[in-house]
Amino acid sequence: MTQAKIGIIGGSGLYQMDALKDRQEIQIDTPFGRPSDAYIVGTLEGTPVAFLARHGRNHHLIPSELPFRANIYGMKQLGVEYIISASAVGSLKGEIKPLDMVIPDQFIDRTSQRISTFFGSGIVAHIGFGHPVCNKLAAILGDAVQSLALPDINLHRGGTYVCMEGPAFSTIAESNLYRSWDASIIGMTNLPEAKLAREAEIAYATLGLVTDYDCWHRDHDHVTVEMIIDNLHRNAINAQKVILETVKQLSQNPPISEAHYALKYAILTPLDKISPEIKENLAILLEKYLK
Ligand SMILES: CSC[C@H]1O[C@H](OP(=O)(O)O)[C@H](O)[C@@H]1O
Ligand SMILES: Nc1ncnc2[nH]cnc12
């Protein structure tokens, strides 16, 4: 199978990378089912990357339906070691305005219907998740945004992303609750992805692309898809520039991330007590520990 060390997950509005050359569509089947769509593997200015549209290219999957495990496992099968995730988010702070970019360093889980682990059914592992984002990848992403100096767009390094279930947006009471927790942005997808990426020993960082002020701001209408569609398009153009620059910097100097050895001390079940079936299903995650 064609391999790529860098994976890109495109969210709402970002369904492809225009600059991707030598494209190959790769359909992958995983022990956790089919990913959201085919991976588009190709090169960005000479660097191999794998792109996946999180909701499918035609945006046909709601956040609760996303096959998160298959998406991350598929990336692992392609040899991905770094995932750059692009996501539309609502702002929970006055100083974070639509079209700004936020690189969160924390998450709060408000989901209820997601499977966020590869483990269970006979194998127990507990990864550390105090720092859910790879700080080295996040720094490269932030430097890429800064080096582009996009007019009128502020970069916010750090901040807490609230991951809600959706698909309906929040109530005012919920939005104000998250504000009282000092959270910065809200979305519906990134937490399960970040957790599974960590279990798969893939460094993960998010480029949050702000589309709205959710529903808490007195001077702004409550978020609707109709209201944010224009911002989604503008963000998708900016996101592609940032991703291109990030890939350039990352390929020149790929850092070793703590994510790359997240499973080293995480597995509690003795390896010789793990069934052959589990070993086969999780082969790609466990192979370096089973040698
Ligand atoms: C654009 S409306 C809400 C939708 O957008 C975000 O998607 P993604 O994170 O994939 O960019 C949010 O999480 C919701 O799924
Ligand atoms: N206000 C919001 N709430 C949840 N997800 C979002 N994605 C973009 N804006 C959002």
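Index from 1, following the sequence. Bear in mind that the values here come from a model prediction, so they are computed numbers and not experimental data. Both backbone and side-chain heavy atoms feed into the values below; hydrogens, waters and symmetry mates do not. Atoms within each ligand, like the ligands themselves, are counted from 1 in listed order.
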Specify the protein heavy atom at minimum distance from atom 9 (N) of ligand 2: its residue, its atom name, and the distance to 0.1 Å.
Asp212 OD2, 2.7 Å
Sort out the contact shell of ligand 1: every protein residue with a heavy-atom distance below 4.0 Å, listed by chain and number.
Gly11, Ser12, Arg54, His55, Pro63, Ser87, Ala88, Phe169, Gly187, Met188, Thr189, Ile228
Between Val89 and ligand 2, which part of the residue brings a heavy atom under 4.0 Å of the ligand: side chain, backbone, both or neither?
backbone
In this structure, atom 6 (C) of ligand 2 is nearest to the protein heavy atom Ile186 O, 3.7 Å
If you measure from each non-hydrogen atom of Val223 to ligand 2, which part falls under 4.0 Å: side chain, backbone, both or neither?
side chain
Going from CG on Leu263 to CD on Glu201, what distance comes out if it is rounded to the nearest 0.5 angstrom?
4.0 Å
Is there at least one pair of N or O atoms, one from Gly90 and one from ligand 2, spaced under 3.5 Å apart?
yes
Is there a side-chain contact between His59 and Ser12, using heavy atoms and a 4.5 Å cut-off?
yes
Nearest neighbour in protein (non-hydrogen) for atom 5 (N) of ligand 2
Gly187 CA, 3.5 Å
Tyr265 atom OH, over 12 foreign heavy atoms within 6.0 Å
no
Going by the atom numbers of ligand 2, which of them fall below 4.0 Å from some non-hydrogen atom of Ala88?
7 (N), 8 (C)
Can you report which non-hydrogen protein atom sits closest to atom 8 (C) of ligand 2, along with the distance?
Thr211 OG1, 3.3 Å
Heavy-atom check, side chain of Ile72 versus side chain of Ile9, under 4.5 Å
yes
